[in-house]
Protein chains: 2
Amino acid sequence: MPVAPPRPKDLPLTALRAFEAAARLGGFAAAAQELGVTPGAITAHIKQLEHSLGAPLFARTPRGVRLTTLGQQALPNFTHAFDALGTAIGDLRAAAAPRTVHIATLPAIAQLWLSPRLPALRVAAPDITISITALEQPPNLKRSPYDLSLFFDDTPQGRLAPDVIFPVCAPALAARLNGPQDISRFPCLSDATWSEDWALWAQSLPDPPAIARGPTFSLYALAVEETVNGAGLLIGHESLVSGHLADGRLVAPFASRVTLPRGLRLWSDRPLRPGSAARLIADWLRRAPLASPSPPVTQGACKPPPPTAPAP
Amino acid sequence: MPVAPPRPKDLPLTALRAFEAAARLGGFAAAAQELGVTPGAITAHIKQLEHSLGAPLFARTPRGVRLTTLGQQALPNFTHAFDALGTAIGDLRAAAAPRTVHIATLPAIAQLWLSPRLPALRVAAPDITISITALEQPPNLKRSPYDLSLFFDDTPQGRLAPDVIFPVCAPALAARLNGPQDISRFPCLSDATWSEDWALWAQSLPDPPAIARGPTFSLYALAVEETVNGAGLLIGHESLVSGHLADGRLVAPFASRVTLPRGLRLWSDRPLRPGSAARLIADWLRRAPLASPSPPVTQGACKPPPPTAPAP
DNA sequence: TGGCAGCCTTAATTTTTCTGACCCTAGATT
DNA sequence: AATCTAGGGTCAGAAAAATTAAGGCTGCCA
């Protein structure tokens, strides 16, 4: 029985984090995604934890896992502890790089909404470094190294704009349209993550036209480019295409617009101290000045509806 | 710019724990000891952390490290967060094994104080499993998997007994002693971690005798055994040798006793819920019934007092 | 019913982390 | 001054963790 060598290692931190994520999210796969590891790693961690505790934390069912009573008891404590750790990390990051702001957003938003505003933002806050990370899903801000999230969702708090959708196309193509029923004669481009867009819009019409399915894009910005090039019609999200409408690269050929229950939302899960860089950037983005001083459009269409340009 | 692969790994937990320990304990070596890793691992972790933050957390000096302002700001948050995590772990352990108590103690205390009480304790609490780990240093209970600590220290709260020291020896050897001055004629055994014992005791005498240095033991219990076998005189700690005195294996040949400012202390850094196994064991140990119904003992003079064999 | 997709598990390989033995520096000791 | 000691830092090799890829099980859907 040696006294020096045996190190009384406590429960491993990484395994506990895996447990907390799996318990909170209700599955190993979801936990793996949040933690940026593979499901196999989560399996191994939970198993190690259960072995060292001598009791199961999850009940394995054919369709995923379920927390045992023991796991249910433990979860709130760990969630609280890891939240505290996340806050400490955030504060440390902020203190180490006080003039840097990390923003997480959708690729489409990054390219079509954020990017056009960056030049003016750089002028407005020249000493602040802005780092933008494109993600498909909003991250858990309490656990991720981002200060702000900018995504579409249905929470009204912090909303920058509602999500208003309507068809858009290149001016040349619009000239060949006489009404919504003509849609079926042209390809309808769609985005993989917003595949319902066309149906949602069409339902709002008294006489829903047939939609000719066109190419699907995994990057909305790419679909926008293709539309500019005349590849067909695309459902435009007002927040994302207003720049293209403003300078005439795209037009909205029909008057019918649908406002979805979700909206473009900017938020933070940490308190933003007044005067902090993240607060400054968030405030500036909420005022959302789209720099382009271009004239409100152009429109070309059969029945040119309300000129599409919003006034700042 | 791939969107799927890049995993936005946050600050690594293990590195943060290393930082917290190093900052709290004031050095990488101390942190390494608490975490049960080598200093080299701490160095690497801190370096990784500082690299990913882009700012130093410690200022390296030739004699150790010093926290930077950044590090000082961050420390309290992390200490709090890891404390919360430690509490969560403790609760989880307790819930998973509700009738198990883990005690950390000195090897000497484990063998000479705790061990004799275990049989009665098992009778008193037959459903509780008691696990004893011998450590040279009291662990940080907020971070270690122990419910109770039992060590000598100078905090009065939770003290079970003062640390009273006085020479002890085998009865046969005591017969050859006529007074403290005879000490110099026999080897004086000592324990490596309590090397000052002899000096402390000798200073209390009006005419301090010379101490003939004898063998040094790294295990006090071994020194006690050797003393029983007649190898010489040893400074007895009352808490640890009362059993041997009670049954006559050892005697205290001199009346002079020194009470040190420290004492035997049982404590926990977590709240012990009433009715929990740890609370039951702690309460029982405080009542400290030493099973042997032997008479209170002895106190010695130069002429060996009690005959050597009482029977339990 | 048969294919398909979701979810967890497992085994073998690769990557990351830790160790162990060494060096370096500067204050304390002789 | 020379030596000792108590920190940290460094690097090759060993141990541990994550990945990749394959596999089982179930329910959904055509």
Side-chain angles (χ1 to χ4, degrees), chain A residues 2 4-52 56-68 71 136-137 143 192-193 195, chain B residues 2 4-52 56-68 71 136-137 143 192-193 195:
Chain A
R7 43 203 172 134
K9 280 259 207 292
D10 202 357
L11 261 38
L13 250 45
T14 319
L16 291 170
R17 181 173 52 175
F19 161 71
E20 193 274 338
R24 174 165 43 81
L25 301 172
F28 291 5
Q33 193 184 5
E34 173 167 308
L35 298 179
V37 297
T38 54
I42 305 291
T43 300
H45 278 147
I46 304 293
K47 188 173 299 182
Q48 175 195 8
L49 219 48
E50 292 178 326
H51 175 79
S52 106
L57 291 164
F58 288 93
R60 272 70 171 178
T61 75
R63 333 199 316 130
V65 293
R66 219 185 46 243
L67 273 179
T68 59
E136 294 300 331
Q137 298 293 329
R143 306 293 160 82
T193 57
S195 53
Chain B
R7 43 202 174 133
K9 281 259 206 292
D10 202 357
L11 262 39
L13 250 46
T14 321
L16 291 170
R17 181 173 53 177
F19 161 72
E20 193 273 339
R24 174 165 41 83
L25 301 172
F28 291 6
Q33 194 185 2
E34 172 167 307
L35 298 180
V37 298
T38 53
I42 305 291
T43 299
H45 277 145
I46 304 292
K47 190 173 300 180
Q48 176 195 7
L49 218 48
E50 291 177 326
H51 175 78
S52 107
L57 291 164
F58 289 94
R60 271 71 171 179
T61 74
R63 334 207 306 133
V65 292
R66 220 185 44 246
L67 273 178
T68 60
E136 295 299 332
Q137 299 292 329
R143 305 294 160 83
T193 57
S195 53

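Here is how names work: the chains are called A, B, and so on, in the same order as the sequence lines, proteins then strands, and each is numbered from 1.
Under the rule for a side chain to side chain contact (heavy atoms under 4.5 Å, CB included), A:Ala29 has no partner lying at least two apart in sequence or in another chain. With sequence neighbours left out, the side chain to side chain contact (heavy atoms under 4.5 Å, CB included) criterion links A:Gln137 to A:Gln33. With sequence neighbours excluded, the residues satisfying side chain to side chain contact (heavy atoms under 4.5 Å, CB included) with A:Glu50 are A:Ile46, A:Pro56, A:Leu57, A:Phe58, A:Arg60.
When distances are taken from the side chain of B:Thr14 to each of D:dT20, C:dT19, C:dC18, the shortest belongs to C:dC18.
Between B:Gln48 and A:Ala44, it is A:Ala44 whose nearest contact on DNA chain C lies nearer the 5' terminus.
Atom CG of B:Leu49 and atom C1' of C:dT17 are 15 Å apart (whole Å). Atom CZ in B:Arg17 sits about 13 Å away from atom C1' in C:dT17, given to the nearest Å. In this structure, B:His51 places its NE2 atom 14 Å from P of C:dT16, rounding to the nearest Å. Whole-Å rounding puts the B:Leu13 CG to D:dA17 C1' distance at 15 Å. Distance, B:Gln33 CD to D:dA6 C1': 14 Å, rounded to whole Å.
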What pairs of nitrogen or oxygen atoms, one from the protein and one from nucleotides 5-9 of chain C, lie under 3.5 Å apart?
unit_1	atom_1	unit_2	atom_2	d
C:dC8	OP1	A:Phe28	N	3.0
C:dC8	OP2	A:Phe28	N	3.3
C:dC8	OP2	A:Ala29	N	2.7
C:dT9	OP1	A:Arg60	NE	2.6
C:dT9	OP2	A:Thr43	OG1	3.1

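Rounded to 10°, the angle separating the first-five-pair axis and the last-five-pair axis of the helix from C:dT1-D:dA30 to C:dT30-D:dA1 equals 10°.
Between B:Thr38 and C:dG20 there is no side-chain polar atom (N or O) within less than 4.0 angstrom of OP1 or OP2.
A salt bridge (Lys or Arg N to Asp or Glu O under 4.0 Å) check over residues 21-45 of chain B, counting only residues at least two apart or in different chains, returns the pairs B:Glu20-B:Arg24, B:Arg24-B:Glu34.
Using a 4.5 Å heavy-atom cutoff, the side chains of A:Thr14 and A:Phe19 are not in contact.
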